[in-house]
Structure formats: structure tokens, C-alpha cells
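Worth knowing before you read on, the calculation uses all heavy atoms, side chains too, and leaves out hydrogens, waters and symmetry mates.
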Amino acid sequence: MYTPAEVVRLLSPLYGRPEWTPHHDPMTELVLTILSQNTSDTNSGRAFMRLLERFPTWDLVRDAPVEEIEAAIQVGGLAHTKAPRIKAVVEEVGRRTGGTYDLLFLAGMSLDEAKAWLRSLGGVGPKTAACVLMFALGKPALPVDTHVHRVALRLGIIPAKATAEQAHDLLEAMLPAGEVFPFHVLLIKHGRRLCAARNPLCPQCPLLPGCPEGQARTKGDPILQQHEQ
Ligand code: SF4
């Protein structure tokens, strides 16, 4: 069985080693991440552009009727759920930052403190908090999406019953800080290309020698084969 750092080492030749570069500012990342829940990056990006066109400042989002926010972000899907969440988060960040919406101070906090600050906004779960801290601020927080969760389970890195929510802390604790970002990106790529939910391409996978599920699948485990049907 591999450690998470070994997974990074073995997948890097296949996909290239990802290097962190600054993304958006943290407030933009926060709203974008809420918009990206259960939708594609393309749709959430479009929804964000429509939101900015309709409300060019965070103050305008804060003061907007929730129905108008919902109409602006319709293209991103689940607008009825996301609009009140975005309005509430923008209101709360505005209140806590005295209207600056500047979250760069999170970079100076410990990882646990920064996570707790974001989680206490309401409607911000571990994945959203980790996205803000990792993508905008380069902190070693690990967002666990469906791909990261599935591949980590198959590799036996986390216990079989660990939920995605629990996997955030479990995996972070196992990874050196400098490997968190590459691990996140590489597992998503791997989950999309070789280790898909259905019919993973185990014979082509560089992780096969140390992957319990890959070993079971390539040896024709009847239980796994039943799952595929
Ligand atoms: Fe996924 Fe198969 Fe590779 Fe294991 S061997 S990581 S199950 S593709």
C-alpha cells in the first residue's frame, strides 16, 4: 500500500508534477467555490461572470434581493440553494471585515484557525474552506472531492468507511505540506482519466502494484465484477 507522498511520486511522471500558482483572491475563490458545488467548472465560471456583470461589487451582492442573485447565477445550476448561501456569506464577510471583503489575513493564521474562521461563516464546509485556503492562499489544506475520495479509498490510504468529510483531516495529516497541492490535482486527474468510478483502467495504472482494489479487480474478484454490472 502506498503513502500519499508515494502516490504523488508515482503519478507525477504520468500527468506532470502540478505546481501551485496564485489563483483568485480569497473572497472570489470563496464565492466561486460555492458556485461550483455540484456543477462543472465551465458552468460555475459562467455563473460567476453573470453575477459580477449584474453586481460589480460585493456590497451590491450583499444588498441585492436573493431572487435577483438567483436569476443572475441560474446558468450554474442549483441557483435556488446557492443564491441565499452566497448572499449570507457575503453579508457575513462584509460584517466581519468592516466592508473590505479582504480575506488575505487568513494567510497569517494557522491552518486550523483559518479553517475554523471560514467554517464559522455558515454554509461553508470542509471542501469549500480547503479550496479557498489552498487555491487562493497556497496553504496546505486539502479539498476532497468525489475523485480524491474515491481514489484514496481504492488505494486503501483511508479507511473503507471514511467519508469525504473525514478524509480532509485524515489525508492532510499524512501529507508533507509541499505535497498537498500536487496530491489534490493528481488524484483529480487520475480519477477522471484512469481511475474512473466505473471500469477503472487498472492494467494501465502505475499504482496497480500497491493498490488493493486494483489487485482485486485484475485478479477477477467476483464481488467487484458484480459492482460493475
Ligand atoms: Fe484506480 Fe485501478 Fe489504479 Fe487502483 S489500480 S488506483 S483502482 S486505476
Check whether any side-chain N or O of Thr100 sits under 3.5 Å from a backbone N or O of Thr97 as a donor-acceptor pair, and report yes or no. yes

How far apart are the closest heavy atoms of Lys82 and Ile73, and which atoms are they? CB-CD1, 3.9 Å

With heavy-atom distances below 4.5 Å as the criterion, would you say the side chains of Cys202 and Glu213 are in contact? no

Working to the nearest 0.5 Å, report the span between CG of Leu32 and SG of Cys131. 10.0 Å

Is Val75 linked to Leu35 within one hydrophobic cluster, defined over Ile, Leu, Val, Met, Phe, Trp and Tyr using a side-chain heavy-atom separation of less than 4.5 Å? no

Backbone N/O of Gly214 and side chain of Thr218: donor-acceptor pair under 3.5 Å: yes

Side-chain contact, heavy-atom cut-off 4.5 Å: Leu194 with Leu14? yes

Pair Arg50-Gln74, side-chain donor/acceptor within less than 3.5 Å: no

Distance, nearest 0.5 Å, that separates CD1 of Ile188 from OG1 of Thr146: 10.0 Å

Check whether Gln204 reaches the backbone of Leu201 with its side chain - one donor and one acceptor, N or O, closer than 3.5 Å. no

Flag the pair Leu118 / Val132 as yes when at least one side-chain heavy-atom distance between them is below 4.5 Å, and no otherwise. yes

Greater than 12 external heavy atoms within 6.0 Å of Asp63's CG: yes

Could you go through the side chain to side chain contact (heavy atoms under 4.5 Å, CB included) check for Val180 and Met134 one step at a time? CA-CA 9 Å; Val180 175; Met134 168 182 273; 3.5 Å; yes

Between Val7 and Leu186, is a side chain to side chain contact (heavy atoms under 4.5 Å, CB included) present by the stated rule, with each step listed? CA-CA 9 Å; Val7 171; Leu186 289 169; over 6 Å; no

How long is the gap from NE2 on His24 to OG1 on Thr33, to the nearest 0.5 Å? 8.5 Å

CD1 of Ile86 to CZ of Phe48, rounded to nearest 0.5 Å, is 9.0 Å

Under the ring-ring contact (aromatic ring centres under 6.0 Å, His included) rule, what pairs show up with a residue in residues 120-143, not counting sequence neighbours? His23-Phe135, Phe135-His184

Could you go through Val148 and Asp145, starting from their C-alpha distance and side-chain angles, then the distance that decides it, and tell me whether this counts as side chain to side chain contact (heavy atoms under 4.5 Å, CB included)? CA-CA 5 Å; Val148 174; Asp145 75 344; 3.3 Å; yes

Can you find a pair of side-chain heavy atoms, one from Arg95 and one from Glu92, that are under 4.5 Å apart? yes

Where Pro143 and Ala130 come nearest, the two heavy atoms and their spacing: N-CB, 3.5 Å

Okay, side chain of Lys87, backbone of Ala64: is any donor-acceptor separation there less than 3.5 Å? yes

Can Leu208 be reached from Leu153 by stepping across I, L, V, M, F, W or Y side chains whose heavy atoms are under 4.5 Å apart? no

Is Val144 reachable from Leu11 through a run of hydrophobic residues whose side-chain heavy atoms are each under 4.5 Å from the next? yes

Decide yes or no for Tyr2 and Ile157: does some side-chain heavy atom of the first lie under 4.5 Å from some side-chain heavy atom of the second? no

Ignoring hydrogens and geometry, is there a side-chain-to-backbone donor-acceptor pair from Lys127 to Glu165 under 3.5 Å? no

No-hydrogen, no-angle side-chain donor-acceptor test under 3.5 Å, Asp59 and Tyr101: yes

Taking the side chain as every heavy atom from C-beta outward, state whether Leu106 and Leu103 have any pair of such atoms under 4.5 Å apart. yes

If the condition is side chain to side chain donor-acceptor pair (under 3.5 Å), which residues does Ser120 pass it with, not counting sequence neighbours? Arg96

For Glu6 and Thr3, indicate whether the former's side chain and the latter's backbone hold a donor-acceptor pair under 3.5 Å. yes

Output yes when a side-chain donor or acceptor of Lys139 lies under 3.5 Å from a complementary backbone atom of Met109, and no otherwise. yes

Output a table of donor-acceptor pairs, distance under 3.5 Å, between side-chain atoms of residues 171-179 and any protein atom two or more places apart or on a different chain; print 'none' if there are none.
{"from": "Glu172", "atom 1": "OE1", "to": "Lys115", "atom 2": "NZ", "distance (Å)": "2.5"}
{"from": "Glu172", "atom 1": "OE2", "to": "Lys115", "atom 2": "NZ", "distance (Å)": "3.3"}
{"from": "Glu172", "atom 1": "OE2", "to": "Leu142", "atom 2": "N", "distance (Å)": "2.7"}
{"from": "Glu179", "atom 1": "OE1", "to": "Arg17", "atom 2": "NH1", "distance (Å)": "3.3"}
{"from": "Glu179", "atom 1": "OE2", "to": "Arg17", "atom 2": "NH2", "distance (Å)": "2.9"}

Under a 3.5 Å distance rule, please check whether Gln215 uses its side chain to pair with a backbone N or O of Pro212 as donor and acceptor. no

Write down the atom of Val151, the atom of Gly191, and the distance for their closest heavy-atom approach. CG2-CA, 3.9 Å

Any idea which heavy atoms bring Arg9 and Pro13 closest together, and the distance? O-CD, 3.1 Å

Enter the distance from Asn38:CG to Asn43:CG here, rounded to the nearest 0.5 Å. 12.0 Å

Considering only heavy atoms from C-beta outward, does the side chain of Ile158 approach that of His149 to under 4.5 Å? yes

Minimum heavy-atom separation for His80 and Pro84, please, with both atom names. O-CD, 3.1 Å

Can you hop from Leu137 to Phe181 via hydrophobic side chains spaced under 4.5 Å? no

For a quick test of reading the model, state the closest non-hydrogen atom pair linking Ala72 to Phe55 and the distance between them. CB-CE1, 4.3 Å

Quick one: pull up CG in Leu187 and CZ in Arg150 and give me the separation to the nearest 0.5 Å. 9.5 Å

Walk me through whether Gln37 and Arg85 qualify under side chain to side chain contact (heavy atoms under 4.5 Å, CB included). CA-CA 12 Å; Gln37 289 160 359; Arg85 195 172 292 168; 2.8 Å; yes

Minimum side-chain heavy-atom gap Pro4-Val8 below 4.5 Å: no

Hey, any chance Val66 and Val124 share a hydrophobic cluster, counting ILVMFWY side chains that come within less than 4.5 Å of each other, even indirectly? no

